[in-house]
Protein chains: 2
Amino acid sequence: MVHDSPMSARPATARSGRPPALEPGAEGVGARLRRLREQAGISLSELARRANVGKATLSGLENGTRNPTLDTLWSVTAALGVPITALLAGQQAGTVRGTAVEATLLQVFDDDAVTYELYRMVVPPGAAQVSPAHHAGVTEHITVFDGVLRAGPIDAPLTAHPGEHVSWRSDVPHLYEAVGDHPVRASLLIRYPRP
Amino acid sequence: MVHDSPMSARPATARSGRPPALEPGAEGVGARLRRLREQAGISLSELARRANVGKATLSGLENGTRNPTLDTLWSVTAALGVPITALLAGQQAGTVRGTAVEATLLQVFDDDAVTYELYRMVVPPGAAQVSPAHHAGVTEHITVFDGVLRAGPIDAPLTAHPGEHVSWRSDVPHLYEAVGDHPVRASLLIRYPRP
DNA sequence: CGCGAGCGTTCCGCAAACGGAACGGTCGCT
DNA sequence: AGCGACCGTTCCGTTTGCGGAACGCTCGCG
């Protein structure tokens, strides 16, 4: 689910015919930047000087009327001494919503030969979600904390009760579904071997 | 220290006369994006279609020859179903280096009236760091785990041994310094009241 | 009072990021 | 072999983010 076809309910990032106001995330970034700058106790002009960016750029950025470049963001956050993620985080970062599954990315373990992604997952009752196949070798591992989950390959789904663990190779289409009328809370670990 | 004058050793983000290659962070972002896309098992063309961006844009982004706009990043990460921070994180995110202090941002508590930032801090022996004043009302709180620390307002610094706690109002210039030849490990909590 | 210093915003020419189209290359199918 | 579908890269005209300069404003000081 996690990486699959957000085609359906994509958070309207349409570029066509943009009105004066920018996409939803932008003014959040601007406001966050202004707060960080004021916390640091420096003026807009001063920050522009330190970061080697124009005052116009900074002004437009804070007011949400510009759509900054990545290296503008780098310069500004570096001059403030904060990680670049400080500007982007906070807005539902890491939460992925599918048709019937909501998953929050808790952690990524990125080793040489394999990457793990750990999610906290909630499946509400009454709806099922089907996800297309992942790459070969990818496996998913779910531990159920609450509720009863049916998940796994479409033609051979597995059932897990609280405290139980299921896993399968997800290089085939697979589904997630809550059994009964309780939402399912679970942890989801996806393992991606390096090709 | 944390927010103060990274003027000295700024991670050269100079914009003047940029060579074909971009600033250090960029190709990391491109590589990370390519990995995410391949993990999702979709082609560059397919991702361009889903994200509503040009293939040229995506190609240039993955190869590090372009300096993407924030909303390009939004579109792409949204289409991949990953948080935007997935592209930026990983490279020393949250670590701030001063002349004699290295601090890692562990957590930010952002309430209505006040913001707290919690850092893990290491002060190597032999060097001192002076930080200019913060805004009025800002206070710092340090708990020493290891080593002996001298810190606080320049004209009245405090000394803390392992297990001890010091705090001061940081609206005046203040310093951090390890006493003796052991590095100091400590936690640093900065409290910023909303003006 | 006048005036210089600093603030944040707006205007402007230029560089570059953007999407669309065209390109060559590699498959799989008839 | 031929051919259509798709891949990722490159070219190109348009859009827009960029820094610098000018602007109006608010202070603090002589």
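Naming convention: chains lettered A, B, ... in sequence-line order (proteins, then strands); numbering from 1 in each chain. Quick caveat: nothing in here was measured; it's all calculated off a predicted structure.
Here dG8(C) presents its C1' atom at 14 Å from CD1 of I42(A), a figure rounded to the nearest Å. For the pair L70(A) CG and dA16(C) C1', the interatomic distance rounds to 15 Å; values are reported in whole Å. When the C1' atom of dA16(C) is taken as reference, atom CG of N67(A) falls 13 Å away, rounded to whole Å. Taking atom CD of residue E62(B) and atom P of nucleotide dT10(D), one finds them 13 Å apart after rounding to whole Å. In this structure, K55(B) atom NZ and dC7(D) atom P are separated by 7 Å, rounded to whole Å. Put simply, CG on L58(A) is 13 Å from C1' on dC18(D), counting in whole angstrom units. The CG-C1' distance, from L33(A) to dG8(C), rounds to 14 Å in whole Å. To the nearest angstrom, P of dA5(D) lies 13 Å from CZ of R49(B).
A close approach under 4.0 Å does occur between a side-chain nitrogen or oxygen of R66(B) and OP1 or OP2 of dC18(C). In terms of phosphate contacts, S59(B) brings no side-chain nitrogen or oxygen within less than 4.0 Å of OP1 or OP2 of dT10(D). Contact between the side-chain N/O atoms of T69(B) and the OP1/OP2 oxygens of dC18(C) is found at a separation under 4.0 Å. Within the 4.0 Å cut-off from OP1 or OP2 of dG8(D), at least one side-chain nitrogen or oxygen of S45(B) is found. Considering only side-chain N and O atoms, R37(B) lies under 4.0 angstrom from the phosphate OP1 or OP2 of dG8(D). Within the 4.0 Å cut-off from OP1 or OP2 of dT9(C), at least one side-chain nitrogen or oxygen of N63(A) is found.
Annotation: of the two residues near DNA chain D, G60(B) and S43(B), the 5′-most nearest-nucleotide partner is S43(B).
Using a 4.5 Å cut-off between side-chain heavy atoms of Ile, Leu, Val, Met, Phe, Trp and Tyr, with links allowed through other members, V148(B) and L188(B) fall into different hydrophobic clusters.
Here the closest heavy-atom approach between residue T159(B) and residue V166(B) is recorded as O-CG1, 4.1 Å. Shown here for S45(B) and K55(B), the closest heavy-atom pair between the two residues is OG-CD, 3.4 Å.
T77(B) places a side-chain N or O within donor-acceptor distance of the main-chain N or O of L73(B), the cut-off being under 3.5 Å.
Residue-level contact check: T57(A) touches the bases, meaning some heavy atom is under 4.0 Å from a base atom.
Comparing dA17(C), dG8(D), dG20(C) by their closest approach to the side chain of A56(B) singles out dG20(C).
Proximity of R37(A) to I42(A): side-chain heavy atoms (C-beta onward) are separated by under 4.5 Å at one or more points.
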